[in-house]
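Computation of the quantities below employed the complete heavy-atom set of this structure, encompassing side-chain atoms and omitting hydrogens, waters and symmetry-equivalent molecules.
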Amino acid sequence: MNIGPPREARFSRRALLLGGGMGLVGTTLAGRMAWLALFEGDRYAAAAERNRIRDRLVPPRRGWIVDRTGKPLAVNRPDYRLELIPKDVEDLDAALARIAQVLPIGLEDELRIRADLAIQPSWMPVEVARDLDWPAYAALNVQVADVPGLQPVRVFSRHYPDGEPFAHLLGYVGPPSPEQYEKEKDPLLIFPGFRIGKDGIERHEDKVLRGRPGSTREEVTARGQVIRELGQTPDQPGATLRLTIDRDLQSYAARRLGDNSASVIVIDCVTGDLLTMVSMPAFDPNVFSTRVPTSLWKALQVDDHTPLLNKSAMGVYPPGSTFKMVTMLAALEAGIPPDASVNCSGRYPMGGNVWHCHARRGHGRVTMATALPKSCDTWFYHFGRQIGIERIADMARRLGLGQEFDLPLPGQASGLVPDNDWKQRRYDKPWNVAETLNCSIGQGYLIANPLQLGVMTARIASGLIVQPRLLLPQAGDAAPVFPALGIDPEHLAMVRQGMFDVVNSGIGTARGARTGLPGVEVCGKTGTAQVRRISKAERRSGVLRNEALAWKFRDHALFVAYAPAAAPRYAVSVIIEHGIAGGRYAAPIARDVLSFLYDRDRAMKALEPVERALAAKRRAESQAQVAEARAAEEARLMPAWLRADAPPARPPVNTGDTPQPPRDVI
């Protein structure tokens, strides 16, 4: 009989093995604890501290934009919001239900939030609500603080006190794009509610206006609820930009334009300061700084008055007869004598074609002294052809056409001053004389923007290479010194006298530009830029009046001017898209804008009938829309067979039992 080892021995081996195993585990745990304490202690201590202490980024307040006198154009105001961080959300339905207990969240809001979550990166905040009052914001801080991904935030939102008149100039702000964050890696760009410049000066000067962030150190629970604030590093606000713009003048010019699609530029001939740079119609930048409603965006896009386009800097137009000063200066510099004259019969034949003067019966004998006041096309055809396109183009560039200026505005249009080299590059064809005739009166390939025309006028008025500016220099900086144009003073005097006679003589085309203010005599030039080709058949039968044409086929109305005549200080350019005639419609606007600089009360009185007429027009349009809608509703409710424009009612199957409408209804 085999008898095993004693029971005590078996127990002792098991105890030894178990004890050894326990000792090994204990040694391993002790070693791990020693490793963590000695070598990983700092890291885990920091992690524990992060669980208890949270550093929150404090976005900087955006710098203000003010006008030349310190009046605010773009400011900040407190804005309480609720943001949702997609990557931190565990249950979206539960989160939305929790929000609905505090805030009214409609179906449209929920669809918007879900759409944003679907298209935005997971780290980019989604706006749930904005412009909350303090009770709602406080309630959210208490009731949703433990919901992962929901974050009530207090930020400063951008506000534009004057809205539309400054929309194209200032631009607006909006959320950064994912591409911008990937490029800059700035944590500010993913902070809930943070905005950057998207257009205009806001975009060009964004880095200056943005400022530097601060931080807040908070003690929080494991669920992220704030217990107390431990300290704060203040943010550094962005710099304040002071513009050369006169806020009151800009607002007045916008009101004076009424419902026209137009631009007004006012520039100081001495300093180059842009006092006004308005483009109308425009949009409300306060709306664009939030979420633009789809209906509004579509309406702005289809509007034929192009409210999204900054016409002052980006719109390009044929300068028309406002260009004739350029041709005259080029002719004088080329040696054409001041007493040079031509006989205008209203027609200028060349080759097999005929160029027409705006006066169908002609002006008779026209001298250089009367060419500008009468705006005789024939005089400029004749001498423009003699001197050639190269001289005309050179003078145009010296006066500022075809240039982009050093301004904090993105997207300036350079326009076009054509010459033989340009045509060879563009069309691989030589320049021809017929194109010189068109260019000499500001038509053809030649295009310019309103800003360039304002600079051209300031340079003619001062005889200096005036450079426009939008940012006022720092206190103590020296005033700008502009070099001379290099044009013979006698030639400039000849052109200035012609511009004086345009407004103040009995034969001028801009008598409506006279201010009537003592010592404020205006010198200017009208322009009517043709936008359609007039056929020979139409000329034989009679050229249609602009008023008889659809709006988009009417001529542009232009006017450039400076004042006072004796000591030029301010230059102005006005362009009204499809405004019919510069002397009739653009010149009075320039007159009132210049009057505002010298006598505000008089200018405001001139504005009253304009705004009354505009209000009456809008009331009539509103009543017509209501009547049209009512008629449409009545027509919808009316039986089809009673409608005057309805075809005779025909039953699908014509049987003997089918009732027929009476004959008199058919």
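Partners of R203 under the side chain to side chain contact (heavy atoms under 4.5 Å, CB included) rule, at least two apart in sequence or in another chain, are P410. Under the rule for a side chain to side chain contact (heavy atoms under 4.5 Å, CB included), the partners of A571 that lie at least two apart in sequence or sit in another chain are I267, C269, T457, A458, Y562. Applying the side-chain hydrogen bond (donor to acceptor under 3.5 Å, both in side chains) rule to E202 yields the partners R62, R158, Y160; only residues at least two apart in sequence or on another chain are considered. Applying the ring-ring contact (aromatic ring centres under 6.0 Å, His included) criterion to Y80, with sequence neighbours excluded, gives W134, Y137. Take A396 and apply the side chain to side chain contact (heavy atoms under 4.5 Å, CB included) test, not counting sequence neighbours, and it matches F323, V326, L401, V417. Residues forming a side chain to side chain contact (heavy atoms under 4.5 Å, CB included) with P135 (at least two apart in sequence, or on another chain): D133. Applying the salt bridge (charged side-chain N to carboxylate O under 4.0 Å, His left out) test to K207 and every residue at least two apart in sequence or in another chain returns nothing. For the ring-ring contact (aromatic ring centres under 6.0 Å, His included) test, residues two or more places apart in sequence or in another chain that qualify with H578 are W551, H556.
When the shell of 6.0 Å around CH2 of W422 is examined, it contains more than 12 heavy atoms from other residues, nucleotides or ligands.
Sorted by first and then second residue, the salt bridge (charged side-chain N to carboxylate O under 4.0 Å, His left out) pairs with a member in residues 170-180 form an empty list; sequence neighbours excluded. For residues 251-270, the salt bridge (charged side-chain N to carboxylate O under 4.0 Å, His left out) pairs, not counting sequence neighbours, are R255-E611, R256-D592, D259-K617, D268-R569. Among pairs with a residue in residues 298-320, none fulfils salt bridge (charged side-chain N to carboxylate O under 4.0 Å, His left out), at least two apart in sequence or across chains.
A salt bridge between D419 and R397 is present, with a side-chain N of the basic residue lying under 4.0 Å from a carboxylate O of the acidic one.
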Donor-acceptor contacts under 3.5 Å from residues 165-174 side chains, at least two apart:
from: H168; atom 1: ND1; to: S279; atom 2: O; distance (Å): 3.3
from: H168; atom 1: NE2; to: P307; atom 2: O; distance (Å): 2.7
from: H168; atom 1: NE2; to: L309; atom 2: O; distance (Å): 3.3

